[in-house]
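Some notes on the structure that comes next.
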Amino acid sequence: MIRLAANLSMLFNEHDFLDRFAAASQAGFRGVEYLFPYAYAPDTLGELLAETGLEQVLFNLPPGDWEAGERGLASLPGREAEFRDSVAEALRYAQVLDCPRVHAMAGLLPADADQHEARAAHHATYIENLRFAAREAAKVGREVLIEPINTRDMPGFFLSRQAQAMAVLEEVGEPNLRLQFDLYHCQIMDGDLIRHLEQQFAAIGHVQIAGVPERHEPDVGEVHYPALFECLEALSYEGWVGCEYRPAADTRQGLGWGRDLGLLPG
Ligand SMILES: O=C(O)C(=O)[C@@H](O)CO
Ligand SMILES: [Mg+2]
């Protein structure tokens with residue numbers, strides 16, 4: 001059975017962040033994910049989860065200076081110490097929130113550098129940093145995820161293709177380092193969604209969805225999500241599916257697709 005998690009960075013923006021938990025619970029979600037918890041004390045978020053009966057299923061490591069445009073530290077040469085601190089901080093929150101997995105965003109390639117050389121340096125840093133993160137996470141029973149992100153939304157993002165992610169997972173070789181498979185990004189960069197799900201299934205630790213190309217509700221646009229849910233069911237996927245889309249209007253009114261598929265209460 002597909003289990004939907006509400007992405008509180010994108011859904012229920014009609015409410016202040018802390019009020020989005022109750023809104024998600026009232027709409028029938030049982031899990032939540034969001035970009036970052038760090039603006040709040042972990043106990044505050046933990047109490048909200050307990051009050052609303054929601055599970056925390058995912059959040060990201062501190063990404064560097066987000067406001068200045070940074071999008072993760074994991075592949076950035078020279079930022080290794082900061083990356084290691086970010087792993088410790090994320091795992092501290094993961095334990096309080098009982099969150100089984102955290103996402104380590106790869107970061108951006110420098111636009112002005114020789115791309116071949118920069119890629120090689122970022123790759124080497126990425127492998128070492130991910131190995132470190134996975135080993136630290138294993139000590140406290142958590143997984144670390146990597147996610148290919150499309151370069152139209154995030155120009156220069158280091159990890160953008162499904163095949164690149166699979167090669168990185170293999171090279172790092174840690175069993176708790178897994179794939180965050182965002183079907184929206186995959187459709188834009190690689191397409192062939194069902195075959196990618198099937199071939200990469202063993203590596204998948206989390207799935208995310210959105211309509212393509214506008215990143216609105218999943219029943220709007222070029223991707224036929226009922227077929228992808230059938231595929232995940234056929235593969236006996238037991239993880240969460242994060243609803244990581246920007247509602248076209250009111251979040252709750254836009255959840256009809258989930259109710260129609262029997263994935264959310266009517
Ligand atoms: O942008 C996405 O897609 C995400 O999943 C965010 O967590 C950024 O990594
Ligand atoms: Mg995503």
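One-based numbering, in listed order, for ligands and for the atoms of each.
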Neighbour count above 12 (heavy atom, 6.0 Å) for D16 CG: no

E82 side-chain N/O to G64 backbone N/O, donor-acceptor pair under 3.5 Å: no

Closer than 2.8 Å to the Mg ion (ligand 2) - protein N, O or S atoms, ordered by chain and residue number: E147 OE2, D182 OD2, Q208 OE1, E244 OE1

N129 side chain to R84 side chain, donor-acceptor N/O pair below 3.5 angstrom: no

Protein heavy-atom partner closest to atom 2 (C) of ligand 1 - residue, atom, separation in Å: E244 OE2, 3.1 Å

Ion pair check, R142 and E136, cut-off under 4.0 Å: no

Identity and separation of the nearest protein heavy atom to atom 3 (O) of ligand 1: H185 NE2, 2.6 Å

Ligand 1 versus D153: contacting region, heavy-atom distance under 4.0 Å: neither

R195 with D190: basic N within carboxylate O range, under 4.0 Å: no

Any Q180 heavy atom less than 4.0 Å from ligand 1: yes

contact_flag R215 ligand 1 heavy-atom lt 4.0 Å: yes

M105: numbered ligand 1 atoms lying under 4.0 Å from its heavy atoms: 8 (C), 9 (O)

Centroid-centroid distance, W257 to Y225, less than 6.0 Å: no

Salt-bridge present (R71, D65; N to O < 4.0 Å): no

Residue D182 vicinity, atoms of ligand 1 by number, heavy atom under 4.0 Å: 3 (O)

Given H103, E33, R178, the one that forms side-chain hydrogen bond (donor to acceptor under 3.5 Å, both in side chains) with H206: E33

Sub-6.0 Å ring centroid separation between Y245 and Y184: no

Contacting atoms of ligand 1, where contact means under 4.0 angstrom from a heavy atom of N60: 6 (C), 7 (O), 8 (C), 9 (O)

Rounded distance (nearest 0.5 Å) linking atom CZ of F21 with atom NE2 of H15: 13.0 Å

Atoms of ligand 1, numbered as shown, that sit under 4.0 Å from any heavy atom of H103: 7 (O), 9 (O)

Ring centers of Y40, F17 separated by less than 6.0 Å: yes

Atoms in ligand 1 with a heavy atom of L35 nearer than 4.0 Å: 6 (C), 7 (O), 8 (C)

